[in-house]
Each structure stands twice: as C-alpha cells, then as structure tokens.
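Contents: one structure, followed by commentary.
Counting begins at 1 with the first residue of the sequence. Every number for a ligand or one of its atoms is a count from 1 in the order of the listing.
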Amino acid sequence: MLTVKAIAAPSATEPLVPTTIERRDLGPHDVLIAIHYAGICHSDIHTARGEWGPAGWPIVVGHEIAGVVAEVGSAVTRHAVGDRVGVGCMVDSCRECDNCRRGLEQYCARGNIGTYGSVGRDGLPTAGGYSTHIVVTEDFVLRIPEGLALDVAAPLLCAGITLYSPLSHWGAGPGKKVAIVGLGGLGHMGVKIAHAMGAEVTVLSQSLKKREDGLRLGADHYYATSDPATFETLAGTFDLIVNTVSANLGMDAYLGLLAVDGTLVEVGAPEHPMPVSAFALIPARRSLAGSMIGGIPETQAMLDFCAEHGLGAEIEVISADRVNEAWDRVVASDVRYRFVIDVATLA
Ligand code: NAP
Ligand code: ZN
C-alpha cells in the first residue's frame, strides 16, 4: 500500500482537514497517477455534507482529476509514465452489462464504481482527487490532449462531460435554441460547448451579475430568472434546456420555456424532490429528462472536442488550505467558474 496525503471531510458538519490515506499496490492493469489539479464540484459538497444521504465519513472527495502517470502495472498498454491523464467520476464498472458494452459505464446495471464513496473491486473504499496520488485501472483513465493545460482540463472530467453528453445526445447544433440554467461550474462549460457545437445559446441566471462573462463565454442571450418578465418573453422558445442548478427550482416555469417537442434535461441534483405539473408537459409534447456524466468513450471524445475547440474551464486555482472557504463560496454561487486545487500545495 502507498500512504498519500489527502484532504478529508470528517463528518457532514465539520470542515475539511488534512489527512493521509492508503492507495492500493499497482495491479497489472493499474496506473498510478500523480495528481496535479483537482476541481471542486458541487457534488463533492452535496456528498460530504450528507445531502444525498450518509457518506461513509471520513470521506475524501474530488472527481475532476488531472495529473501525470507516475507508474504503470506490468500489463498496462494504454498509458505510459509521463502521460498527461485525467480521471472523472468513475473508476470502474462491471464491463459486462449491456450498458457497459455500449460505452455507457455511468449507467452500469450493477452500478458504476464511483471515484469516491464507493467500494472498489479491491474491496477498499474509493477515495477521490483531493489527494496527491490515485491508483486507477487503465481503462478508466483518460488522455488529456496536447493543448489543454492540466489545470483547465481538470473540471472537464465532470463539469465538461456532464454538459457535453446531453448536448450531444439531444442534438445541440446549428438551428437549435439551447438554454443553460445556472452559470456555475457545469453551466459555464455548457455555454462554451453548446456554442462550439453551433447552437444558439441563452443563459438563464439568477441575476445579470455575470452577463458580460456569459456573453464572452459564447452565449448569444442572457436573462435573469429573478425577473418574472423573462418567463413571459421566452415562453415556448427552447428546443433544449439543461438545468444545472444545485437547488430546487419551480420546474413548471422552466418547462413553459420549451417549444413543442422540446426537452428539459435535469443534471443538477438538489437534495429535495421537485414537483412537476402534468400540464407543464402536455400542451406542447414536452419531455423532462435526466442525464448523468458520460461514458468513458464519450468522455475521451469530449476531451478531444474541447482541445480541438480550445475549450478549457474558467478557473480560480487555490491552495489546499483554502478548500473550506472555496466550498462556502460555491454554495453561495460565488465562483467564476470552477475552483481547482493545486495539489502541489498539499504535498
Ligand atoms: P455550482 O458551480 O454551484 O453551479 C450551480 C449554479 O446554480 C450556481 O452557480 C447558480 O448559478 C445556480 N444556483 C445555485 N443556487 C441557486 C438557487 N437557489 N436558485 C437558482 N439558481 C441557483 O455547481 P456545479 O458544480 O455546477 O453543480 C451543479 C449541480 O449539478 C449540483 O447539484 C451537482 O451535484 C450536479 N451535478 C450533476 C452531475 C450529473 O452527472 N448529472 C454531475 C456533476 C454535478 P447562477 O448564479 O448563474 O444563477
Ligand atoms: Zn462532479
């Protein structure tokens, strides 16, 4: 076993603290990654604070991992020492079910193995990227293409793929009107990616505070959802709405913004259920859908797409001792647009 430095949440209510954790010895197909950067996803906070249920504390979170291969197992063929690589929200799956065979490992019928908060095939609890090193089976390690710096690439491993997958699945592209709700970590990548796909992009944010940024990132239009006139002006407009908000919204109002046959895709995962009226869907043959990250092949395609279009995340790099402060700022929607931990400050 390899003992490595990490930052852990001791319980749902205590601040994160430095600690050490054990990583397994390299199996034949394993890759040891020296983590350089770890993005802070709102899911880290939901999980550590018990908002999605008990977490198995103490827990080390983080599933936006970018680093360099430090060592490879004897049978590894896909990665070599020195390669720039990433790990997202999954570190394994059954690989046998229909979904895994289709490259939809995130929907593994037996449940994918999460980068943190799961039990790995080795029987050990998985621990995430707020840590100096991680050991991952080679098939769940992604290549970070040349041209994407590791710090701006890290958030692509969750925020990037979580938006790329539904935008691609529901056909965002030329002639399509797409709205992104919430301009946070996920939302800002949604704006960049939907714009690069050729869609007409609208941001729906709580206020107009981030309007200049939104337009710079690629939005064509920007509206404040605190203004009731927004919902009248935009009624029946969008082919696709992707909701990234981490808190409950009045869903019927947002469904009313869909055109006939439009789809609202929920990717935000708030703690509490959100009621929906049948009459928000029926009168325009609207669909309400959900989407979870993306499979391994699609995550690689997303990284390649982002490199080709020069899309990295907009980040604020922080030292490890500022993680608690960063979490509070994420919860307060005070992030432009992703905090990334410089893991060297942990070592
Ligand atoms: P984030 O950076 O905090 O962004 C969320 C944004 O939602 C905020 O920036 C804010 O945007 C808006 N918002 C927050 N509270 C709000 C409120 N009370 N009312 C209206 N708008 C509000 O979070 P994130 O990391 O992007 O994650 C967003 C959500 O997606 C989380 O619930 C996370 O767990 C989930 N998630 C899901 C998946 C998946 O696979 N489906 C993957 C990753 C994350 P404005 O300031 O622009 O209004
Ligand atoms: Zn995430």
Under 2.8 Å from the Zn ion (ligand 2), is there an N/O/S atom belonging to Cys41? yes
Measuring to the Zn ion (ligand 2), does Cys158 have an N/O/S atom at a distance below 2.8 Å?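 Within the cut-off used here (under 2.8 Å), Cys158 does place an N, O or S atom near the Zn ion (ligand 2).
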Against heavy atoms of [X], which atoms of ligand 1 measure under 4.0 Å?
{"X": "Ala247", "answer": "17 (C), 18 (N)"}
{"X": "Trp52", "answer": "34 (O)"}
{"X": "Val330", "answer": "3 (O)"}
{"X": "His42", "answer": "1 (P), 3 (O), 23 (O), 24 (P), 25 (O), 27 (O), 31 (C)"}
{"X": "Ser205", "answer": "45 (P), 46 (O), 47 (O), 48 (O)"}
{"X": "Ile293", "answer": "39 (C), 40 (O)"}

With a 4.0 Å cut-off on heavy atoms, does Arg338 reach ligand 1?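 True for this residue.
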With the threshold set at under 4.0 angstrom, would you say Ala159 reaches ligand 1 through any of its heavy atoms? no
Could you find the nearest protein heavy atom to [atom] and give me its residue, atom name and distance?
{"atom": "atom 44 (C) of ligand 1", "result": "Ser43 OG, 3.2 Å"}
{"atom": "atom 4 (O) of ligand 1", "result": "Gly184 CA, 3.4 Å"}
{"atom": "atom 28 (C) of ligand 1", "result": "Thr244 O, 2.9 Å"}
{"atom": "atom 43 (C) of ligand 1", "result": "Cys158 SG, 3.2 Å"}
{"atom": "atom 32 (O) of ligand 1", "result": "His46 NE2, 2.8 Å"}
{"atom": "atom 35 (C) of ligand 1", "result": "Val267 O, 3.6 Å"}
{"atom": "atom 14 (C) of ligand 1", "result": "Ser333 OG, 3.3 Å"}
{"atom": "atom 26 (O) of ligand 1", "result": "Leu186 N, 2.8 Å"}

Winner among [options] once heavy atoms are compared against [atom]:
{"atom": "atom 12 (C) of ligand 1", "options": "Gln206, His63, Glu51", "answer": "Gln206"}
{"atom": "atom 30 (O) of ligand 1", "options": "Gly268, Ser165, Gly39, Pro166", "answer": "Gly268"}
{"atom": "atom 38 (C) of ligand 1", "options": "Val242, Thr162, Asp334", "answer": "Thr162"}

Reported CZ-to-OG1 distance for the pair Arg285 and Thr263, which is rounded to 0.5 angstrom: 11.0 Å
Spacing of His63 atom NE2 and Cys158 atom SG [to the nearest 0.5 Å]: 3.5 Å
So is there a nitrogen or oxygen of [X] less than 3.5 Å from a nitrogen or oxygen in ligand 1?
{"X": "Ala269", "answer": "yes"}
{"X": "Tyr337", "answer": "no"}
{"X": "Leu183", "answer": "yes"}
{"X": "Gly185", "answer": "yes"}

Taking NE2 in His195 as the centre, count heavy atoms belonging to other residues, nucleotides or ligands within less than 6.0 Å. Is the count above 12? no
Part of Asn248 within contact of ligand 1 (heavy atoms, under 4.0 Å): neither
Location of contacts on Lys209 toward ligand 1, heavy atoms closer than 4.0 Å: neither
Would you say the side chain of [Y] lies within less than 4.5 Å of the side chain of [X], judging by non-hydrogen atoms?
{"X": "Gln300", "Y": "Arg143", "answer": "yes"}
{"X": "Val340", "Y": "Glu316", "answer": "no"}
{"X": "Glu105", "Y": "Pro297", "answer": "yes"}
{"X": "Leu142", "Y": "Ile296", "answer": "yes"}

Polar side-chain atom of [X] near backbone of [Y] as donor-acceptor pair, under 3.5 Å:
{"X": "Asp92", "Y": "Ile113", "result": "no"}
{"X": "Thr20", "Y": "Thr3", "result": "no"}
{"X": "Asp83", "Y": "Ala80", "result": "yes"}
{"X": "Ser11", "Y": "Thr13", "result": "yes"}
{"X": "Thr19", "Y": "Ala8", "result": "no"}

Do you reckon Val61 sits in the same ILVMFWY cluster as Val17, going by side-chain contacts under 4.5 Å, direct or chained? no
Examine Tyr130 together with Tyr116 and report whether their ring centres are nearer than 6.0 Å.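 Distance test on ring centres: not under 6.0 Å, no.
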Taking the six-membered ring for Trp, are His188 and Tyr337 parallel (under 30°), tilted (30 to 60°) or perpendicular (over 60°)?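 Taking Tyr337 first and then His188, their aromatic rings lie parallel (interplane angle under 30°).
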For the residue pair Met274 and Ala247, what are the closest heavy atoms and their distance? SD-O, 4.5 Å
